[in-house]
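Just below is one structure, and these are the notes that go with it.
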Amino acid sequence: MSRQSLPSCFKTGGLTQPNKTATAAAAAVFTGGKWNTQLRELSKKGQYNQALILYRQMLRSGATPNAFTFPFILKSSAALSLHLAGKQLHCHVIKGGCLLEPFVQTALISMYGKFCLLDNAHKVFDEIPDSARLTVCYNALISGLIQKRLSNALLLFREMRTKDVPLHSVTILGLVPGCTIPLHLNLGSALHCLVVKYGFISDLNVANCFLSMYARCGSIESAKRVFDEIPERTLITWNAMISGYAQNGLCTEVLDLFRDMQCSGVHPDEVTFVGVLSSCANLGAQRIGREVEEMMDHCEFGFNPYLKNSLISMYARCGNLVRARVIFDDMPEKTLVSWTTIIGGYGMHGQGEVAVELFDQMIWAGIRPDKAVFVCVLTACSHAGLTEKGLGYFYSMQEIYSLKPLSEHYSCVVDLLGRAGRLAEAMNLIEWMPVQPDGPVWGALLGACKIHKNVELAELAFNKVVELEPRNIGYYVLLSNIYTEAGNMEGALRIRRMMRERGLKKDPGYSYVEYKGKNHLFVAGDKRHPQSKEIYAMLEKLENLAKEGGENENHSQQRENSAVHSERLAIAFALLSTNSSNAEILVIKNLRICGDCHMFVKSVSKIVKCRFVVRDATRFHHFNGGSCSCNDYW
DNA sequence: GTAGGGTTAG
């Protein structure tokens with residue numbers, strides 16, 4: 001290849017041409033094969049940048065790269081996603097006469113695969129004569145194609161089998177990422193059978209890989225079966241199972257497994273902690289989360305920015321926004337995810353003003369917002385009633401940041417307008433939005449109709465949402481309650497009948513409180529707790545006190561059984577178990593808190609000198625001295 | 001002396 005045909009950056013910076021008049025000093029340090037040895041070391045340690053720098057020095061010194069040089073250096077540019085450097089290296093390979101070297105060919109295929117330049121990868125492969133296509137070449141190409149061109153990858157796999165190219169465990173490992181969505185679970189299971197038949201399953205890496213594939217497909221029992229059959233579990237095995245449980249929302253299982261892992265003498269790493277912290281966040285298990293933080297402080301991962309973000313999220317979701325903020329403020333380098341997490345945290349707690357302020361600070365810090373952070377800031381605005389501010393952000397998305405709003409963003413804005421009573425504008429937005437409105441968009445409108453008692457629009461929104469999400473029970477309950485509040489008992493009964501006919505059952509509402517490191521779970525009307533008797537007595541006492549205080553006088557429409565809703569039982573239990581009068585009690589609830597219970601907790605917070613924090617399905621409510629942080633705007 | 005793969009946050 002001539003010098004003229006090389007990409008322009010070849011001459012300016014980046015990699016330089018082999019230079020015969022190099023400095024003698026550099027050449028004296030590394031001579032001959034020493035270069036390759038050094039490159040191998042750097043590549044092995046993952047110091048890819050250093051490897052590329054060394055390669056440049058090598059060229060300057062006048063040394064010639066050979067078939068041993070290129071695999072390391074191609075891998076380095078692949079790992080760093082340096083497309084231009086990679087293409088230059090391809091030129092060097094051709095120039096150096098190494099294009100027929102199998103190791104180099106494989107490295108090139110792999111590199112182009114990582115760049116997602118799949119045609120280039122295919123081209124290198126196609127130019128290898130049929131008889132010289134080794135297992136590794138196939139493996140490299142399959143791994144490259146698997147995510148974007150699944151059928152193509154499967155064809156190659158079939159070709160390997162018809163042409164009797166020996167399979168290797170890595171061939172299988174390359175195929176599995178194509179099966180990590182539920183749609184392709186059958187393919188994954190078929191591969192699993194094949195793997196068992198060929199004996200590859202005894203390869204620990206293969207087993208780990210199938211374990212995580214099943215977990216990602218939501219087939220958690222199959223994942224656990226693979227896990228149970230692995231005789232020697234490494235850290236990665238434990239991590240795959242812990243992450244699998246975490247991704248499937250099996251949080252108590254995560255914490256149990258974490259304990260088992262420690263008992264078996266395997267030390268956790270940052271991947272483990274991420275899974276465990278996200279489960280603590282879901283469970284609201286702050287005490288355990290704090291223990292995990294202490295463990296992290298005692299090991300080398302304490303400063304890992306991933307983990308800091310997980311910690312921020314955990315504390316925010318456990319109700320401790322103060323601690324979340326301290327960790328955020330202490331982070332030397334805040335990433336977009338850090339900002340998103342803390343903004344989302346303030347939004348969840350109804351502190352929209354702070355969320356908005358942080359968003360602006362983020363922009364000043366030169367961080368470019370993405371779609372996710374916009375979802376957070378829009379939600380924060382809608383929870384705090386910052387309608388104009390929210391609309392401003394929504395418009396800026398497209399106009400300033402060229403981000404096309406997704407359905408998620410539209411549902412935030414419908415919520416924003418709807419809560420503010422601007423139902424006509426919300427409806428107008430839905431009619432004119434360029435993306436197809438999905439369930440949550442109509443759902444947001446339905447929710448707004450409940451707040452503003454608009455039965456007619458509610459019926460329209462309900463018909464739309466039920467078409468899109470016929471099994472989502474929440475929408476039926478919402479319309480039924482809208483009818484009840486409007487005094488339309490017939491309508492309410494009709495919806496209840498519809499639910500019955502469609503075989504839809506209400507999710508049981510449950511709440512729990514953490515006490516002495518253990519979660520105490522309550523469902524509505526629950527009498528299974530060992531202290532059930534005392535709990536109900538306490539509840540009655542609180543009811544009476546609230547009545548005496550005149551707090552409950554507006555309770556003409558007490559919903560069925562709301563007097564024994566799970567959050568009330570949890571609060572009664574917490575009050576029985578707490579000695580200090582100025583305590584903060586956190587209750588986690590799976591559904592949204594109902595209006596009756598909201599009023600009840602407000603009353604109780606006035607009677608007893610405790611602060612109550614209730615995390616419901618959408619947000620936090622901080623009750624103190626008779627009022628709630630949501631200002632009854634939820 | 002060389003290649004191909006698996007677990008991670010908002």
Side-chain angles (χ1 to χ4, degrees), chain A residues 32-41 43-44 66-75 78 98 101-111 113-114 134-144 146 167-177 180 200 203-213 215-216 233-244 246-247 268-278 281 301 304-314 316-317 328 334-345 347-348 369-377 379:
Chain A
K34 283 257 176 77
W35 290 104
N36 291 340
T37 316
Q38 292 289 324
L39 285 172
R40 185 190 61 180
E41 289 310 311
S43 161
K44 214 168 160 183
N66 62 14
F68 290 99
T69 318
F70 289 117
F72 304 124
I73 207 72
L74 288 168
K75 188 180 180 178
C98 293
E101 295 287 342
F103 278 86
V104 179
Q105 289 166 334
T106 312
L108 274 171
I109 296 169
S110 169
M111 178 189 78
K114 296 221 167 76
L134 305 171
T135 300
V136 276
C137 298
Y138 277 97
N139 293 351
L141 188 56
I142 287 174
S143 303
I146 196 71
L167 298 181
H168 187 272
S169 62
V170 176
T171 318
I172 307 297
L173 291 170
L175 284 163
V176 175
T180 47
F200 288 133
D203 182 321
L204 187 55
N205 293 328
V206 172
N208 290 340
C209 199
F210 277 95
L211 156 45
S212 82
M213 177 206 79
R216 283 194 196 175
R233 294 166 193 152
T234 63
L235 175 60
I236 291 183
T237 314
W238 287 99
N239 283 350
M241 196 68 229
I242 285 176
S243 307
Q247 283 153 12
D269 73 351
E270 62 263 54
V271 179
T272 327
F273 288 130
V274 166
V276 173
L277 285 174
S278 83
F301 315 110
N304 182 317
Y306 266 58
L307 285 179
K308 291 289 179 203
N309 294 338
S310 295
L311 274 176
I312 296 169
S313 174
M314 184 274 291
R317 300 198 56 208
F328 174 80
K334 301 167 176 67
T335 64
L336 177 58
V337 176
S338 323
W339 288 96
T340 309
T341 313
I342 195 76
I343 290 169
M348 243 188 287
D370 70 351
K371 294 181 177 183
V373 73
F374 270 109
V375 171
C376 287
V377 77
T379 311

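For clarity, every value in this text was computed on a predicted model and none was experimentally measured. Each chain gets a letter, A, B and so on, in the order the sequences are listed, and its residues count up from 1.
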Check: Counting just side-chain N and O atoms, does Ser110(A) come under 4.0 Å of either OP1 or OP2 of dG4(B)?
Finding: yes

Next item on the list: Measure from CZ on Phe68(A) to P on dG1(B) and round the result to the nearest Å.
Entry: 9 Å

Next item on the list: Would you indicate which nucleotide in dT7(B), dG6(B), dG4(B) comes nearest to any side-chain atom of Val170(A)?
Entry: dG4(B)

Checklist line | Side chain to side chain, Pro102(A) and Val136(A), heavy atoms closer than 4.5 Å | finding: no

Notebook entry, point to check: Atom CG of Leu74(A) and atom P of dA3(B): how far apart are they, to the nearest Å?
Noted result: 11 Å

Next item on the list: Write down the distance between NZ (Lys114(A)) and C1' (dA3(B)), rounded to a whole number of angstrom.
Entry: 10 Å

Checklist line | Nucleotide nearest Arg40(A) (side chain, heavy atoms from C-beta), chosen from dG10(B), dG1(B), dG4(B) | finding: dG1(B)

Next item on the list: Round to the nearest Å and state the distance from Phe103(A) atom CZ to dG4(B) atom P.
Entry: 10 Å

Next item on the list: Tell me what Leu235(A) touches on the nucleic acid: a base, only sugar-phosphate, or nothing, going by heavy atoms under 4.0 Å.
Entry: nothing

Next item on the list: Sequence neighbours left out, what passes side chain to side chain donor-acceptor pair (under 3.5 Å) with Ser212(A)? Give chain and number order.
Entry: none

Next item on the list: Round to the nearest Å and state the distance from Lys44(A) atom NZ to dT2(B) atom P.
Entry: 8 Å

Next item on the list: Starting from the C-alpha separation in whole Å, work towards a yes-or-no answer on side-chain hydrogen bond (donor to acceptor under 3.5 Å, both in side chains) for Ser310(A) and Ser313(A).
Entry: CA-CA 5 Å; Ser310(A) 295; Ser313(A) 174; over 6 Å; no

Margin query: For a quick check, tell me whether the side chain of Ser310(A) and the base of dA9(B) share a donor-acceptor pair closer than 3.5 Å.
Written below: no

Next item on the list: Please work out if Gln247(A) contacts a base, only the sugar-phosphate, or nothing of the nucleic acid, heavy-atom cut-off 4.0 Å.
Entry: sugar-phosphate

Checklist line | Among dG6(B), dA9(B), dG10(B), the nucleotide that comes nearest once only the side chain of Thr340(A) is considered | finding: dG10(B)

Margin query: Within the 4.5 Å heavy-atom criterion, are Val170(A) and Val206(A) side-chain neighbours or not?
Written below: no

Check: For Ala372(A), which contact category applies under a 4.0 Å heavy-atom criterion: base, sugar-phosphate, or nothing?
Finding: base

Note to self: Under 4.0 Å, counting only non-hydrogen atoms across every strand here, what does Asn304(A) touch: a base, just sugar-phosphate, or nothing?
What the structure shows: nothing

Notebook entry, point to check: Which nucleotide in the list dG4(B), dA9(B), dT8(B) gets nearest to the side chain of Asn309(A)?
Noted result: dA9(B)

Checklist line | Integer-rounded Å distance: dT2(B) C1' and Leu108(A) CG | finding: 13 Å

Margin query: Does dG1(B) have its OP1 or OP2 closer than 4.0 Å to a side-chain nitrogen or oxygen of Gln38(A)?
Written below: no

Check: Phosphate oxygens OP1/OP2 of dT8(B): is one of them under 4.0 Å from a side-chain N or O of Arg216(A)?
Finding: yes

Item checked: Separation of dA3(B) P from Asn139(A) CG (nearest whole Å) -> 14 Å

Next item on the list: Taking only the side-chain heavy atoms of Cys209(A) (C-beta and beyond), determine which of dG4(B), dG6(B), dA9(B) contains the nearest atom.
Entry: dG6(B)

Notebook entry, point to check: The side chain of Phe72(A) lies closest to which of these nucleotides: dG10(B), dG6(B), dA3(B)?
Noted result: dA3(B)

Next item on the list: Using a cut-off of strictly less than 4.0 Å, decide whether Arg317(A) has a side-chain nitrogen or oxygen near OP1 or OP2 of dG10(B).
Entry: no

Item checked: Distance, rounded to the nearest Å, where Asn239(A) contributes CG and dT7(B) contributes P -> 11 Å

Next item on the list: Return yes if some donor-acceptor pair links the side-chain N/O of Ser143(A) with the main-chain N/O of Asn139(A) below 3.5 Å, else return no.
Entry: yes

Notebook entry, point to check: Is there side-chain contact between Val377(A) and Val373(A), with heavy atoms separated by less than 4.5 Å?
Noted result: no

Note to self: Please pick, from dT2(B), dG6(B), dA9(B), the nucleotide with the shortest atom-to-atom distance to any side-chain atom of Val337(A).
What the structure shows: dA9(B)

Notebook entry, point to check: Looking only at heavy atoms, which two atoms of Ser338(A) and Phe328(A) are closest? And how far apart?
Noted result: O-CE1, 3.7 Å

Next item on the list: Would you indicate what Ala207(A) reaches in the nucleic acid, counting non-hydrogen atoms under 4.0 angstrom: base, sugar-phosphate, or nothing?
Entry: nothing

Note to self: Looking only at the side chain of Pro71(A) (C-beta and beyond, no hydrogens), which of the listed nucleotides dG6(B), dA3(B), dG10(B) gets closest?
What the structure shows: dA3(B)

Next item on the list: Mind checking Thr341(A) for me? I need base, sugar-phosphate or nothing, with any heavy atom below 4.0 Å counting as a touch.
Entry: sugar-phosphate

